Participant: 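One structure is given below, represented as structure tokens, and several questions about it will come after.
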There are 2 protein chains.
Amino acid sequence: MDEATGLEAMLCFELYTASRAMTGLYRPALDAAGITYPQYVALRVIWQRGSVKVTDLGATLHLDSGTLSPLLKRLEGQNLVHRTRGEDDKRTVWVSATPEGMLLEQQLADLPERLACALDLSVEDFTTLYHLLGRVRGTATASNL
Amino acid sequence: MDEATGLEAMLCFELYTASRAMTGLYRPALDAAGITYPQYVALRVIWQRGSVKVTDLGATLHLDSGTLSPLLKRLEGQNLVHRTRGEDDKRTVWVSATPEGMLLEQQLADLPERLACALDLSVEDFTTLYHLLGRVRGTATASNL
DNA sequence: CACAATTAAATTGTGCACAACCTAACGGTG
DNA sequence: CACCGTTAGGTTGTGCACAATTTAATTGTG
């Protein structure tokens, strides 16, 4: 259909570009808040759970400590989160939002809904896409070729 | 459904994780070939078109020179591509595959089909997902909130 | 209790994504 | 021809993604 690129049939490429386009949609609002998209999704988990172990955060976001350690350090540097070693198990680090970090939750509360609307998908298409993506992630994660 | 994360309703997060899971599926084969996923998609365009201007490559992949310049430099360092300044317009740089780079095309020829099968999606689901992703990318790229 | 195996984070190193800036080349107009 | 605005790539700097290694704390077993 389009000009020949050798990429037509690659679902992976569509995922790759759609994902980047979508985070680009979040960028203006997140820039204004002074955070990045990965920082934002980490904050959402922290907001929701109150206090999270780094391991659990990583399991939820599918990110390892190599990504999360510096990311959380930057959030801590901005006074958005607080980190403390576990008292029972001193290996674990608990992350929670500071008062300043909690303020951000209110400021960004309408963001996902607002941007989902900007996509101009029907509820059916949105739901279909959402579930197919979940299936792809599940299968791809489970696969060990 | 899952444990509460504050991420349930975020299509963007599903895209973000599904995309990373999918490129992870490509990783073993690409590691064996000595290239990364972004290098692979760039090579696919180069294989298809024979010779490409950096600008056109960037338009196809939705990447700018800040990403492509070092990426192509690394591919050139591996003797997979060759870069030459345009004769008519010396600002443009043409990229093409070396013989060694062309060999890779054969070696990786069955990759997308093989991995698409690993996803275990019906043809209908695959097509639906593919087109919805295209719509999302199009809308998200066009939006300027 | 001592010690090996495991686990949690952090660190290091490579490469991508993207913004901001820079330089060279081109193209048109006076 | 000289100048100005535009275009093509490259460079720099920040932050993420991920593999591999390191360190410290914990757990299990003899």
Side-chain angles (χ1 to χ4, degrees), chain A residues 12-13 15-28 30-32 34-43 52-59 61-78 80 83-95 141, chain B residues 12-13 15-28 30-32 34-43 52-59 61-78 80 83-95 141:
Chain A
C12 188
F13 180 72
L15 277 166
Y16 167 67
T17 50
S19 174
R20 280 162 45 220
M22 193 72 203
T23 66
L25 212 52
Y26 276 76
R27 203 180 313 281
L30 296 181
D31 277 354
I35 59 175
T36 65
Y37 182 76
Q39 290 171 7
Y40 170 66
V41 292
L43 280 171
V52 203
K53 286 190 269 187
V54 172
T55 307
D56 293 344
L57 190 55
L61 304 179
H62 308 281
L63 292 171
D64 68 9
S65 66
T67 302
L68 287 177
S69 285
L71 184 152
L72 293 171
K73 207 184 222 171
R74 284 184 285 269
L75 287 178
E76 194 174 39
Q78 294 184 267
L80 296 175
R83 286 190 292 175
T84 36
R85 286 274 164 189
E87 297 187 0
D88 49 337
D89 186 340
K90 287 178 204 150
R91 291 172 305 178
T92 70
V93 169
W94 291 85
V95 187
T141 304
Chain B
C12 188
F13 180 71
L15 277 166
Y16 166 67
T17 50
S19 173
R20 281 162 44 221
M22 193 71 202
T23 65
L25 211 52
Y26 276 75
R27 202 180 315 278
L30 296 182
D31 275 355
I35 60 175
T36 65
Y37 182 77
Q39 291 170 6
Y40 170 66
V41 292
L43 281 171
V52 203
K53 288 189 268 188
V54 172
T55 306
D56 293 344
L57 190 54
L61 304 179
H62 308 281
L63 292 171
D64 67 9
S65 66
T67 301
L68 286 177
S69 285
L71 184 152
L72 293 170
K73 207 185 223 170
R74 284 184 285 270
L75 287 178
E76 193 173 40
Q78 294 184 267
L80 295 175
R83 287 190 292 175
T84 36
R85 286 273 164 190
E87 296 187 0
D88 48 338
D89 185 341
K90 287 178 206 153
R91 292 171 303 176
T92 71
V93 169
W94 292 85
V95 186
T141 305

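Proteins come first, then strands; the chains are lettered A, B, ... in the order of their sequence lines, and each starts at number 1. Because the structure is a prediction, the values reported are computed rather than measured.
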Participant: Quick check: on DNA chain C, is the nucleotide nearest Tyr16(A) upstream (toward 5') of the one nearest Arg91(A), or the reverse? Name the residue that is more 5'.
Facilitator: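 Closer to the 5' end of DNA chain C: Arg91(A).
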
Participant: Round to a whole Å and report the spacing from CD of Glu76(A) to C1' of dA10(C).
Facilitator: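 My rounded result for the distance is 13 Å.
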
Participant: Would you kindly compare Pro70(B) and His62(A) by the position of their nearest DNA chain D nucleotide and give the one closer to the 5′ end?
Facilitator: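 This one resolves to Pro70(B).
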
Participant: Between dA17(D) atom C1' and Leu61(A) atom CG, what is the distance in whole Å?
Facilitator: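 Answer to the nearest Å: 13 Å.
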
Participant: How would you label the contact of Asp89(B) with the nucleic acid (heavy atoms, under 4.0 Å): base, sugar-phosphate, or nothing?
Facilitator: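 Sugar-phosphate, no base atom in range.
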
Participant: Does Lys73(A) make a side-chain N or O approach to OP1 or OP2 of dT11(C) shorter than 4.0 Å?
Facilitator: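 Yes, such a contact exists.
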
Participant: Is the phosphate of dT26(D), meaning OP1 or OP2, less than 4.0 Å from a side-chain N or O of Arg85(A)?
Facilitator: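 No, Arg85(A) has no side-chain N/O under 4.0 Å of OP1/OP2 on dT26(D).
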
Participant: Once you measure the plane-to-plane angle for Tyr40(B) and Tyr26(B), does it fall in the parallel (<30°), tilted (30-60°) or perpendicular (>60°) bin?
Facilitator: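 Ring orientation of Tyr40(B) relative to Tyr26(B): tilted.
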
Participant: Just checking Asp56(A): base, sugar-phosphate only, or nothing, at a heavy-atom cut-off of under 4.0 Å?
Facilitator: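 Nothing: the residue Asp56(A), judged by heavy atoms under 4.0 Å, touches no strand.
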
Participant: Please work out if Thr36(B) contacts a base, only the sugar-phosphate, or nothing of the nucleic acid, heavy-atom cut-off 4.0 Å.
Facilitator: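 Sugar-phosphate: the residue Thr36(B), judged by heavy atoms under 4.0 Å, touches backbone atoms but no base.
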
Participant: Looking for any heavy atom pair under 4.0 Å, which part of the strands does Asp31(B) touch: base, sugar-phosphate only, or nothing?
Facilitator: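 Contact class for Asp31(B): none.
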
Participant: Which part of the nucleic acid, if any, lies within contact of Ser65(B), taking any heavy atom under 4.0 Å across all strands shown: a base, the sugar-phosphate backbone alone, or nothing?
Facilitator: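 The answer is base, as Ser65(B) lies within the cut-off (heavy atoms under 4.0 Å) of a base atom.
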
Participant: Looking across every strand, which nucleic acid part, if any, lies under 4.0 Å from Thr92(B) by heavy atom: base, sugar-phosphate, or nothing?
Facilitator: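 Sugar-phosphate, no base atom in range.
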
Participant: Can you check the Arg83(A) CZ to dA8(C) P distance for me, whole Å?
Facilitator: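 These atoms are roughly 17 Å apart.
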
Participant: Using whole Å, report how far CG of Leu63(A) lies from P of dA8(C).
Facilitator: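 About 16 Å, once rounded to whole Å.
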
Participant: Could you check how far CZ of Arg27(B) sits from C1' of dA17(D), rounded to whole Å?
Facilitator: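 Going from CZ in Arg27(B) over to C1' in dA17(D) covers 8 Å.
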
Participant: Rounded to whole angstroms, how far apart are NZ on Lys53(B) and P on dC26(C)?
Facilitator: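 It works out to 13 Å between those atoms.
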
Participant: Which residue, Glu87(B) or Leu71(B), contacts DNA chain C at a nucleotide closer to its 5' end, judged by nearest heavy atom?
Facilitator: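 The residue mapped nearer the 5' terminus is Leu71(B).
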
Participant: Can you tell me the distance, in whole Å, between the NZ atom of Lys90(B) and the C1' atom of dT6(D)?
Facilitator: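 So the NZ-C1' distance, Lys90(B) to dT6(D), works out to 18 Å.
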
Participant: Need one value for Leu68(A): base, sugar-phosphate or nothing, where a base atom within 4.0 Å counts as base even if backbone is also close, heavy atoms only.
Facilitator: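 If one applies the 4.0 Å heavy-atom cut-off, Leu68(A) turns out to touch nothing in the nucleic acid.
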
